[in-house]
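Per chain, numbering begins at 1; letters A, B, ... match sequence-line order.
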Number of protein chains: 2
Amino acid sequence: MVKKSDGKRKISESTIKRLSLYYRALSLLEKENQETISSKELARREKLTPAQVRKDLSFFGSFGTRGLGYPVSELKQQISEILGVNRVWNVAMVGVGNIGSALVSYKEFQKQGFIIKLIFDNDQRKIGSNHKGLIVSDIREMARLLREHHIEIVILAVPAIVAQYIVDEVVAAGIKAILNFAPINLQVPPDVYLRTENMSMELEYLSFTLTNRRPPAE
Amino acid sequence: MVKKSDGKRKISESTIKRLSLYYRALSLLEKENQETISSKELARREKLTPAQVRKDLSFFGSFGTRGLGYPVSELKQQISEILGVNRVWNVAMVGVGNIGSALVSYKEFQKQGFIIKLIFDNDQRKIGSNHKGLIVSDIREMARLLREHHIEIVILAVPAIVAQYIVDEVVAAGIKAILNFAPINLQVPPDVYLRTENMSMELEYLSFTLTNRRPPAE
DNA sequence: CAGGGCATGTGAAACCTTTCACAATAAGAA
DNA sequence: TTCTTATTGTGAAAGGTTTCACATGCCCTG
């Protein structure tokens, strides 16, 4: 129940990503009114091993009951605290092209507490237009508006060619966490956390798998 | 230059994903008319180590010249063959909500040779409507149309609640590769390759990092 | 055409992650 | 209360990935 003493435990990226999976699964289980779940069943649902589930959770504490499993609601709550999603995050979207406007309407982000408060673009035709109740702001006002609205995370959905330029502005405005959808590797200072979502990568992975799968017969 | 004898080399997922990064970087370098690149410089651009770049490439052959580096165009061509993106892949989109229609317009997929040929939905109001030159088809016609158009990859952008039902239909239609954008873990037979793109996961990762970063001072 | 410089290709070492295997222990039955 | 059953929590082992370090060998200069 109690968290471990916070030594300089280094938690791996894979563990954090799996916590997201557990969180999603637990949310579903909670809706189904299931009270407890074993590592075995949780692992089956997320295509992992029971040992992995237990090991992942053990980095953060002892949440289960031997012989019984984990209490669904309580574990979900614990993971939400670990991931920091037990609160609201103010988010701004930069770029209102296809991807940007789709993500503004994407309810999953809101459900997890990531609330898009501001939208920016540099296209005069888009500035002032309404997207899901939000008015598109001029990117030249970004620094001031980000500060005024206490934005902590910026989602970048601009063309690759301008992405580095825009990210420099975002960094200059004091933002420390950026989720980038432009298909390019951006350079940021070491105190800024940048994650790049590369949607082509997954298609290329499928392409690789189809291309290199063992032939139908020998 | 010549590929290694195809033993039962097991190539790791991370290596394949990095090949995607190299491919993207090389495409840019080619546009900039750079003729050669060293592992050191390629690593710097993608925030990796030179040794990693060389090791990754060495699984597939010897593409570089000692003392000089790798020939940009040639290496790009080689990687495109490895990833299987030196050809066109026929793709179908299932679901024309926010994400689905954004991805239909996403030029990056086309540029990489992933051509969306068909769009499906089950909403009568959407069926027959035009998205970027493609008419939305009735999902009940999916099996026939997928076969007729030689579709090899399906992108799934439907609500989580119906995703398992739809993916069962896609599998029944004989599709072996699926890219899923629904935030849920889907079950497919072992001969079907499924990748799930979880966009909330990256935001949650940022949330975790912001929440657990070392405090400003001690 | 020989020699210096440079960057590759690659075994081996270091490091990291996952899996194993079992002691610990809570719940419920008898 | 004691016993049985189930499942956790976790060191240790196994397995996998990254980094090191250097021999190799190509290019270019003189």
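Within residues 15-28 of chain B, the residues having any heavy atom under 4.0 Å from DNA chain D are, by residue number, B/R18. The stretch residues 39-55 of chain B comes close to DNA chain D through B/T49, B/A51, B/Q52, B/R54, B/K55, each having a heavy atom under 4.0 Å from the strand.
Rounded to whole Å, atom P of D/dT17 lies 6 Å from atom NZ of B/K10. The nearest whole Å value for the distance from the CD atom in A/Q78 to the P atom in D/dG9 is 11 Å. The separation between B/F63 atom CZ and D/dC26 atom P is 17 Å, rounded to whole Å. Nucleotide C/dG11 holds its P atom 11 Å from the CZ atom of B/F59, rounded to whole Å. Atom CG of A/L68 and atom C1' of D/dT4 are 15 Å apart (whole Å). Going from atom CD of B/E35 over to atom P of D/dC28 covers 11 Å, rounded to whole Å. The CD1 atom of A/I11 sits 13 Å away from the P atom of C/dC16 (whole-angstrom rounding). Taking atom CG on B/L57 and atom C1' on D/dT18, their separation rounds to 15 Å, with Å as the unit.
When each of D/dT17, C/dA7, C/dT25 is scored by its nearest atom to the side-chain atoms of B/S38, the top-ranked nucleotide is C/dA7. Nearest nucleotide to the side chain of B/R66, out of D/dA23, C/dA24, C/dT10: D/dA23.
A close approach under 4.0 Å does not occur between any side-chain nitrogen or oxygen of B/Y70 and OP1 or OP2 of D/dC26.
In the model, A/E46 has a side-chain atom that pairs as donor or acceptor with a side-chain atom of B/N185 under 3.5 Å. Under 3.5 Å, the side chains of B/S200 and A/Q112 contain no donor-acceptor pair of N or O atoms. Side-chain polar atoms of B/S80 and B/N86 form no donor-acceptor pair below 3.5 angstrom.
Scored by the salt bridge (Lys or Arg N to Asp or Glu O under 4.0 Å) test, B/E197 finds no partners at all (sequence neighbours excluded).
Rounded to 10 degrees, the angle separating the terminal helix axes of the helix from C/dC1-D/dG30 to C/dA30-D/dT1, each built from five base pairs, is 10°.
Nearest approach of A/A182 to A/A163, heavy atoms of both residues: CB-CB, 3.7 Å.
Relative ring orientation between A/Y106 and A/F109 is described as perpendicular, the plane-to-plane angle rising above 60° on a 0-90° scale split at 30° and 60°.
Ion pairing between a basic and an acidic side chain is recognised when a charged N comes within 4.0 Å of a carboxylate O; A/K17 and B/E204 show no such pairing. In this structure, A/E81 does not pair ionically with A/K76, as no charged nitrogen and carboxylate oxygen lie closer than 4.0 Å.
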Identify each donor-acceptor pair in which a side-chain atom of residues 165-175 of chain B lies under 3.5 Å from a protein atom, sequence neighbours left out, and give them as a table.
unit_1 : atom_1 : unit_2 : atom_2 : d
B/D168 : OD1    : B/Q164 : NE2    : 2.9

Which donor-acceptor pairs under 3.5 Å do the side chains of residues 31-40 of chain B make with protein atoms, sequence neighbours left out?
unit_1 : atom_1 : unit_2 : atom_2 : d
B/Q34  : NE2    : B/T36  : O      : 3.1
B/S38  : OG     : B/E41  : N      : 3.2
B/S39  : OG     : B/R54  : NH1    : 3.1

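Heavy atoms from other residues, nucleotides or ligands lying under 6.0 Å from NZ of A/K47 number more than 12.
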